[in-house]
Amino acid sequence: TALPISRHVNNRATMVNVPKTRRTFCRMKCKKHTLHKVSQYKAGKATLYVQGKRRYDRKQKGYGGQTKPIFHKKAKTTKKIVLRMECQECKMKKQVPIKRCKHFELGGDKKRKGQMIQF
């Protein structure tokens, strides 16, 4: 009998280092490979006036306690990193998700083989 194959392969990188500029395809306007400025996407501040928040606040008003479930069973320890790339020529921005990782670095020093450790 054959051994069972594990469906979940734990191949997460512990440290991801991405350069600050990347030459990649700009499919919005330029339609060619151009230099893109890379930054990490960060969610903006949640506003009080979006429909879901207004509905939630109205439902919470008055007596009756908590009306909607609060999520507690958090399983993930990492988040997927999203790179925000801005074309240097046409200034169009695109977002590219990369794999999950514990530590993310933007424009850090590159690892070199056979280099002495300096203190």
Side-chain angles (χ1 to χ4, degrees):
T1 61
L3 291 169
I5 299 166
S6 176
R7 291 194 186 279
H8 179 72
V9 181
N10 193 1
N11 60 354
R12 271 195 302 251
T14 53
M15 178 74 183
V16 175
N17 186 10
V18 176
K20 285 190 177 176
T21 56
R22 179 188 278 188
R23 209 176 112 78
T24 186
F25 190 72
C26 176
R27 64 171 177 255
M28 273 63 110
K29 282 187 183 174
C30 301
K31 304 273 195 269
K32 61 181 182 180
H33 274 75
T34 55
L35 211 64
H36 284 67
K37 196 165 80 178
V38 181
S39 58
Q40 188 179 359
Y41 166 78
K42 186 176 177 282
K45 187 183 169 198
T47 177
L48 294 168
Y49 305 111
V50 289
Q51 180 60 61
K53 180 71 175 140
R54 296 198 309 261
R55 185 184 293 124
Y56 178 76
D57 289 343
R58 184 162 172 82
K59 197 171 183 182
Q60 285 290 92
K61 251 183 193 172
Y63 297 112
Q66 183 65 34
T67 59
K68 290 184 98 29
I70 299 173
F71 184 69
H72 292 300
K73 294 183 178 180
K74 189 170 181 288
K76 302 279 188 282
T77 57
T78 58
K79 286 195 166 162
K80 287 182 181 177
I81 304 294
V82 177
L83 301 179
R84 192 163 178 264
M85 296 195 197
E86 184 183 348
C87 178
Q88 301 272 317
E89 289 182 26
C90 66
K91 301 292 185 231
M92 288 295 270
K93 294 163 190 76
K94 67 175 179 180
Q95 292 181 332
V96 180
I98 59 173
K99 288 184 178 176
R100 295 176 177 276
C101 61
K102 294 260 185 190
H103 302 286
F104 177 76
E105 195 176 348
L106 198 60
D109 295 331
K110 287 185 179 176
K111 276 189 184 174
R112 293 205 165 72
K113 283 188 178 175
Q115 289 282 321
M116 281 196 348
I117 300 165
Q118 304 224 335
F119 293 104

Apply the hydrophobic cluster definition, ILVMFWY joined by side-chain contacts under 4.5 Å directly or through others, and give me every member besides Val82.
Tyr41
Applied to residues 22-31, the salt bridge (charged side-chain N to carboxylate O under 4.0 Å, His left out) test, sequence neighbours excluded, yields none
Quick one: hydrophobic cluster around Leu35, which other residues, with the 4.5 Å side-chain cut-off, linked directly or via members?
none
Closest heavy-atom pair, Gly107 versus Lys20, reported as atoms and distance to 0.1 Å, is CA-CG, 3.8 Å
What distance do Leu83 atom CG and Lys37 atom NZ have between them, rounded to the nearest 0.5 Å?
14.5 Å
Of all residues at least two apart in sequence or in a different chain, which pass the ring pair (Phe, Tyr, Trp, His ring centres under 6.0 Å) check with Phe25?
His33
For residues 84-93, which side-chain donor-acceptor pairs fall under 3.5 Å, sequence neighbours excluded?
residue: Lys91; atom: NZ; partner: Gln88; partner atom: O; Å: 3.2

Excluding sequence neighbours, so at least two apart, what forms side-chain hydrogen bond (donor to acceptor under 3.5 Å, both in side chains) with Thr21?
none
Taking atom NZ of Lys102 and atom OG1 of Thr77, what is their separation to the nearest 0.5 Å?
3.5 Å
Taking all non-hydrogen atoms of both residues, which atom of Pro19 and which atom of Leu106 are closest, and how far apart?
O-CD1, 4.2 Å
Scan the side chains in residues 45-57 for donor-acceptor partners under 3.5 Å anywhere in the protein, sequence neighbours excluded, and list what turns up.
residue: Thr47; atom: OG1; partner: Tyr49; partner atom: N; Å: 3.4
residue: Gln51; atom: OE1; partner: Arg54; partner atom: NH2; Å: 2.6
residue: Lys53; atom: NZ; partner: Asp57; partner atom: OD1; Å: 3.0
residue: Arg54; atom: NH1; partner: Tyr49; partner atom: O; Å: 2.5
residue: Tyr56; atom: OH; partner: Gln66; partner atom: NE2; Å: 3.0

Run the ring pair (Phe, Tyr, Trp, His ring centres under 6.0 Å) test against His72 and tell me which residues pass, sequence neighbours left out.
none
Taking Gln60 for the side chain and Thr67 for the main chain, is one N or O donor matched with an acceptor at less than 3.5 Å?
yes
Candidate pair Cys101 and Thr78, rule side chain to side chain contact (heavy atoms under 4.5 Å, CB included), full reasoning
CA-CA 6 Å; Cys101 61; Thr78 58; over 6 Å; no
Quick one: salt bridge (charged side-chain N to carboxylate O under 4.0 Å, His left out) pairs with a partner in residues 58-74, sequence neighbours left out?
none
Let me see the working for Phe104 and Asn17 under side chain to side chain contact (heavy atoms under 4.5 Å, CB included), right down to the final yes or no.
CA-CA 6 Å; Phe104 177 76; Asn17 186 10; over 6 Å; no
